[in-house]
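Computed from a predicted structure; not experimentally measured.
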Amino acid sequence: MENTNSLNEEHRFQVRKLELSDKSKGFIELLQQLTVCDSVSDKEFEDRFKEISTYGDDHLVCVIEDDFSGKIIATGSVFIEKKFIRNCGKVGHIEDIVVDGNARGLQLGKKIVGFLLDHARSMGCYKVILDCSVDNKGFYEKCGFKQKEIQMVKYFV
């Protein structure tokens with residue numbers, strides 16, 4: 001019985017690329033659990049979605065949709081920075097990882113991060129970096145990240 005449940009969960013929580021229809025499935029509301037995210041009109045969402053799509057595999061936003069509820073319950077993104085250093089190498093930047101508060105503990109964050117790491121590796125990145133809060137440090141260490149140096153930020157708004 002346990003194998004059937006894990007197979008059902010595996011199928012139920014598939015990681016996939018963001019789709020235009022995901023706005024109506026709670027994508028923006030999910031991002032609001034992460035940080036400041038004002039309401040986004042359908043037109044604004046479509047315009048940004050199309051813009052990101054023009055970057056091809058250099059900017060990937062992925063989601064997990066709960067097949068039972070039809071809601072987006074986890075998301076994350078990675079964009080690829082092209083460098084001159086390291087033989088014109090590439091660096092992946094992971095951003096905006098969030099799992100719905102009601103779905104935490106199901107290892108969905110690890111699935112999202114793993115999916116993004118696999119993508120960055122397939123794009124030829126020599127490393128992947130991210131910023132996180134002190135509270136999330138342990139989670140990212142479990143995903144194979146190590147703390148290095150410090151983050152600096154300057155906001156313009």
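Here the side chain of Asn87 pairs no donor or acceptor atom with the backbone of Gly89 at under 3.5 angstrom. Proximity of a side-chain donor or acceptor of Ser77 to a complementary backbone N or O of Leu60 within less than 3.5 Å is not detected.
Residues Phe27 and Val78 fall into different hydrophobic clusters, defined by Ile, Leu, Val, Met, Phe, Trp and Tyr side chains chained together at heavy-atom separations under 4.5 Å. By the rule that hydrophobic residues join a cluster once side-chain heavy atoms approach within less than 4.5 Å of another member, Ile94 and Ile64 end up as members of one cluster. Residues Phe45 and Val98 share a hydrophobic cluster, clusters being chains of Ile/Leu/Val/Met/Phe/Trp/Tyr side chains in contact below 4.5 Å. Linking ILVMFWY side-chain heavy atoms closer than 4.5 Å, directly or via other members, places Leu106 and Leu30 in two distinct hydrophobic clusters. Hydrophobic clustering places Phe115 together with Leu117 (ILVMFWY residues linked when any side-chain heavy atoms are closer than 4.5 Å, directly or through intermediates).
Scanning all heavy atoms of the two residues, the minimum distance from Met123 to Lys90 falls at O-NZ, 3.1 Å. Among all heavy-atom pairs drawn from Ile97 and Gly76, the shortest one is CD1-CA, 3.6 Å. The shortest non-hydrogen separation linking Gln147 to Glu149 is NE2-O, 4.1 Å. Nearest heavy atom pair, residue Ala74 against residue Ile112, reads CB-CG1, 4.0 Å. Residues Leu20 and Glu46 approach most closely at CD1-CA, 3.7 Å, considering heavy atoms. Residue Cys62 comes nearest to Leu116 through the heavy atom pair SG-CD2, 3.7 Å, listed as atom of the first residue, atom of the second, then distance.
By the 4.5 Å heavy-atom criterion applied to side chains, Leu34 and Gln32 are not counted as neighbours. The shortest distance between side-chain heavy atoms of Leu108 and Ile73 falls below 4.5 Å. Ile80 has its side chain out of reach of His59: every pair of non-hydrogen atoms, C-beta onward, lies at least 4.5 Å apart. Side-chain contact check for Glu65 versus Lys25: some heavy-atom pair is nearer than 4.5 Å. Between Arg104 and Asp100, the closest side-chain pair of non-hydrogen atoms is not below 4.5 Å. Ile28 places a side-chain heavy atom less than 4.5 Å from the side chain of Cys37. Contact check for Thr75 versus Asp96: no side-chain heavy atoms found under the 4.5 Å cut-off. A heavy-atom distance below 4.5 Å is found between the side chains of Phe139 and Val113.
Considering OH of Tyr140 and OG of Ser133, their distance stands at 8.0 Å, rounded to 0.5 Å. Atom-to-atom distance recorded for Phe13:CZ and Phe68:CZ is 7.5 Å, nearest 0.5 angstrom. The distance from the CD atom of Glu141 to the CG atom of Asn136 is 11.0 Å, given to the nearest 0.5 Å. Residue Ser53 holds its OG atom at 11.5 Å from CZ of Arg48, rounded to the nearest 0.5 Å. A distance of 5.5 Å separates CG in Leu18 from CZ in Phe49, rounded to the nearest 0.5 Å. Put simply, NZ on Lys83 and SG on Cys125 are 11.0 Å apart, with the number rounded to the nearest 0.5 Å.
A salt bridge links Asp47 with Lys43: the distance from a Lys NZ or Arg NE/NH1/NH2 to an Asp or Glu carboxylate oxygen falls below 4.0 Å. Here Asp58 pairs with Lys82 in a salt bridge; the nearest charged N to carboxylate O distance falls below 4.0 Å.
Here Glu44 pairs with Val40, Ser41 under the side-chain contact (heavy atoms from CB on, under 4.5 Å) rule; sequence neighbours left out.
Residue pairs meeting the salt bridge (charged side-chain N to carboxylate O under 4.0 Å, His left out) criterion with at least one partner in residues 117-132, sequence neighbours excluded, are Asp118-Arg121.
Taking the six-membered ring for Trp and thresholds of 30 and 60 degrees, His93 and Phe79 have nearly parallel ring planes, at less than 30 degrees apart.
Among Lys23, Arg16, Lys17, the single residue meeting the salt bridge (charged side-chain N to carboxylate O under 4.0 Å, His left out) criterion with Glu19 is Arg16.
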